[in-house]
Structures are given as structure tokens and as C-alpha cells.
Amino acid sequence: VTTSEVLNVERETPLGVEEPCPHDVLYRRGEKSSFCTLILQGKLSARVGREGFLSELGSFSVMARGALHGDHFISEFDAYISTKSVRLLKIARGNFQRAVELNKDKSALEAALCQMAEDAAGESSRHLPKVRGGQLSACNHEVSKARSGFGVGGACGYNPFRCFGATSPSLLGCARGV
């Protein structure tokens with residue numbers, strides 16, 4: 001997810017106009033797509049089926065899930081922005097497939113998570129965190145928690161502080177606890 005794009009898109013089509021501007025279209029019926037979309041805020045409209053039934057999708061709806069599995073996903077619907085603005089998470093097939101592969105290899109997954117934590121903390125060239133005034137420049141726990149959705153030892157048991165040779169935020173000088 002961290003390599004996926006979060007997009008904030010403003011609608012160009014004037015409200016009340018039936019036919020969307022090309023800028024507002026995410027998927028077109030009959031066209032290949034290599035990404036899936038998670039709606040975070042706002043709404044998308046979809047015209048589905050031969051009759052083009054109108055359906056509206058809102059927050060936490062997923063569109064084009066099939067685009068993540070295989071190279072031959074062809075949209076069976078048209079989808080476009082239907083509210084003034086929309087916030088989307090665009091997940092590319094390549095990123096998703098890489099995550100699936102990492103999930104199969106625990107050591108590769110841990111190495112990738114450590115690299116992400118180091119990159120987020122600005123530490124990709126060193127293995128020790130930068131300390132300013134007795135505190136980290138960025139709280140690694142908060143960065144890791146925001147990226148994974150879990151705190152230390154979350155559902156997967158991953159401990160991001162091990163990347164830096166520590167076992168808790170207090171050993172790193174992190175002002176915020178777990």
C-alpha cells in the first residue's frame with residue numbers, strides 16, 4: 001500500500017451534466033486496466049451491464065479488484081467521479097503482486113518492512129536512527145504504525161524497532177509510547 005498512489009481529484013464535469021469529461025473517467029468499458037481503486041472519500045459513479053445501469057460507490061468501496069490478478073483485466077463498466085472531489089487509493093497490479101510474493105517469504109517481508117521504516121525515517125544509508133535533542137527526528141513507531149495499520153507486535157508480530165537494533169520506542173528516544 002505504501003507504494004500505491006493516494007490521489008485527490010477535483011471533478012471537471014459540471015454538476016448535473018450526465019456525460020463526464022475525459023479527466024473524470026477512471027475506467028472505460030472494454031478497455032484494459034492494470035490498477036484497482038479504493039475510494040477513501042467522495043463517490044464514483046459506474047455504468048454497469050449492457051443496459052448501463054447507474055450505480056454509485058462511496059467510501060471504502062473497491063473497484064476493478066480483478067485488475068490485480070493477471071494481465072488481461074478488461075473493464076466491464078464505465079466509472080467516473082460523481083462528487084465535487086474524491087480521494088482514491090490507486091493500487092497497481094505490479095505493486096500488489098510484489099506484496100503477495102513478499103507475504104510468502106517471511107524474511108523477505110521483514111527485510112522490506114525494515115527498509116520502508118528506514119526510508120520513512122530518512123535512514124536508508126545508516127542503520128542507526130538520527131537523534132536530535134534526545135529524540136528521533138521522526139518517531140519510527142508512528143511511521144511504522146501508520147504504514148502497517150498496527151502498533152509494535154501487531155497482527156503480524158512485526159517489530160519495526162528491531163531494524164534499528166532496539167525492541168521498543170523508548171530505547172530509540174521516541175517521545176510517544178506504544
Side-chain angles (χ1 to χ4, degrees), residues 1-13 17-121 124 142-160 162-163:
V1 173
T2 59
T3 56
S4 299
E5 292 179 81
V6 175
L7 305 171
N8 294 307
V9 185
E10 296 292 320
R11 178 182 162 120
E12 284 188 7
T13 307
V17 175
E18 290 284 323
E19 191 62 33
C21 295
H23 173 270
D24 295 342
V25 177
L26 277 79
Y27 300 95
R28 288 201 187 277
R29 180 188 338 265
E31 291 184 9
K32 276 188 168 186
S33 182
S34 62
F35 65 93
C36 173
T37 303
L38 171 65
I39 304 166
L40 300 173
Q41 290 178 325
K43 292 184 180 180
L44 297 180
S45 290
R47 296 212 175 261
V48 183
R50 284 183 267 181
E51 293 79 19
F53 289 113
L54 185 62
S55 180
E56 210 168 60
L57 296 109
S59 298
F60 304 107
S61 296
V62 177
M63 296 196 77
R65 184 175 294 148
L68 300 176
H69 306 284
D71 296 332
H72 305 291
F73 176 79
I74 296 177
S75 176
E76 297 176 348
F77 55 87
D78 294 318
Y80 53 91
I81 300 169
S82 60
T83 53
K84 183 179 174 183
S85 64
V86 67
R87 185 176 177 104
L88 309 165
L89 178 64
K90 183 177 175 181
I91 305 168
R93 178 186 306 123
N95 293 342
F96 177 78
Q97 289 176 345
R98 172 79 173 128
V100 169
E101 290 303 313
L102 284 173
N103 196 41
K104 294 176 185 176
D105 182 353
K106 189 171 180 161
S107 63
L109 176 61
E110 188 168 314
L113 290 171
C114 282
Q115 184 62 49
M116 284 184 352
E118 289 175 2
D119 290 346
S124 37
E142 294 302 317
V143 170
S144 178
K145 184 176 179 182
R147 289 184 182 275
S148 67
F150 302 107
V152 174
C156 63
Y158 168 68
N159 182 346
R162 234 175 55 204
C163 302

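Just the heavy atoms: all of them, side chains too, but no hydrogens, waters or symmetry mates, feed the values below. Because the structure is predicted, anything quoted here is derived from the model rather than measured.
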- Please report the shortest heavy-atom distance between Leu102 and Ala112, naming the atom on each side. CD1-CB, 3.8 Å
- Task: Quick one: list whatever passes side chain to side chain contact (heavy atoms under 4.5 Å, CB included) with Leu7, sequence neighbours left out.
- Result: Glu5, Val9, Lys90
- Item | Point-to-point distance, once rounded to the nearest 0.5 Å, from CD1 of Ile81 to NZ of Lys43 | 14.5 Å
- Taking Asp24 for the side chain and Glu12 for the main chain, is one N or O donor matched with an acceptor at less than 3.5 Å? yes
- Message: So that I know where these two stand, are Tyr27 and Phe35 an aromatic pair - ring centroids less than 6.0 Å apart?
- Response: yes
- Residue Glu18 excluded, over 12 heavy atoms near CD under 6.0 Å: no
- Closest non-hydrogen atom pair between Phe73 and Gly66, with its separation: CD1-C, 3.6 Å
- Message: Just verifying a value: how many Å separate Thr37 OG1 and Ile91 CD1, rounded to the nearest 0.5 Å?
- Response: 8.0 Å
- Nearest 0.5 Å please: distance from the CD atom of Gln97 over to the OG atom of Ser34. 10.0 Å
- When you look at Ser45 and Leu54, which way does the side-chain contact (heavy atoms from CB on, under 4.5 Å) test go after all the steps? CA-CA 7 Å; Ser45 290; Leu54 185 62; 3.9 Å; yes
- Roughly how far apart are Thr13 OG1 and Glu19 CD, rounded to 0.5 Å? 8.5 Å
- Task: Check whether any side-chain N or O of Ser59 sits under 3.5 Å from a backbone N or O of Leu40 as a donor-acceptor pair, and report yes or no.
- Result: yes
- Rounded to the nearest 0.5 angstrom, the CG-NZ distance for Asp71 and Lys32 is 7.0 Å
- Query: From Asn95 CG over to Ser4 OG, what is the distance, rounded to the nearest 0.5 angstrom?
  - Reply: 5.0 Å
- Task: Test Val86 against Arg11 for side-chain contact (heavy atoms from CB on, under 4.5 Å), laying out the working first.
- Result: CA-CA 8 Å; Val86 67; Arg11 178 182 162 120; over 6 Å; no
- Task: Could you tell me whether the side chain of Arg93 and the main chain of Ser33 form a donor-acceptor pair under 3.5 Å?
- Result: yes
- Pairing residues for Asn103 by the side-chain hydrogen bond (donor to acceptor under 3.5 Å, both in side chains) criterion, not counting sequence neighbours: none
- Item | Result of checking Arg29, Arg28, Arg47 against Asp78 for salt bridge (charged side-chain N to carboxylate O under 4.0 Å, His left out) | Arg29
- Query: Considering only heavy atoms from C-beta outward, does the side chain of Met63 approach that of Leu57 to under 4.5 Å?
  - Reply: yes
- Hey, is Arg98 close enough to Glu101 for a salt bridge, meaning N to O under 4.0 Å? no
- Partners meeting side-chain hydrogen bond (donor to acceptor under 3.5 Å, both in side chains) with Tyr80 (sequence neighbours left out): none
- Task: State, with a plain yes or no, whether a side-chain heavy atom of Leu44 is found less than 4.5 Å away from one of Leu88.
- Result: yes
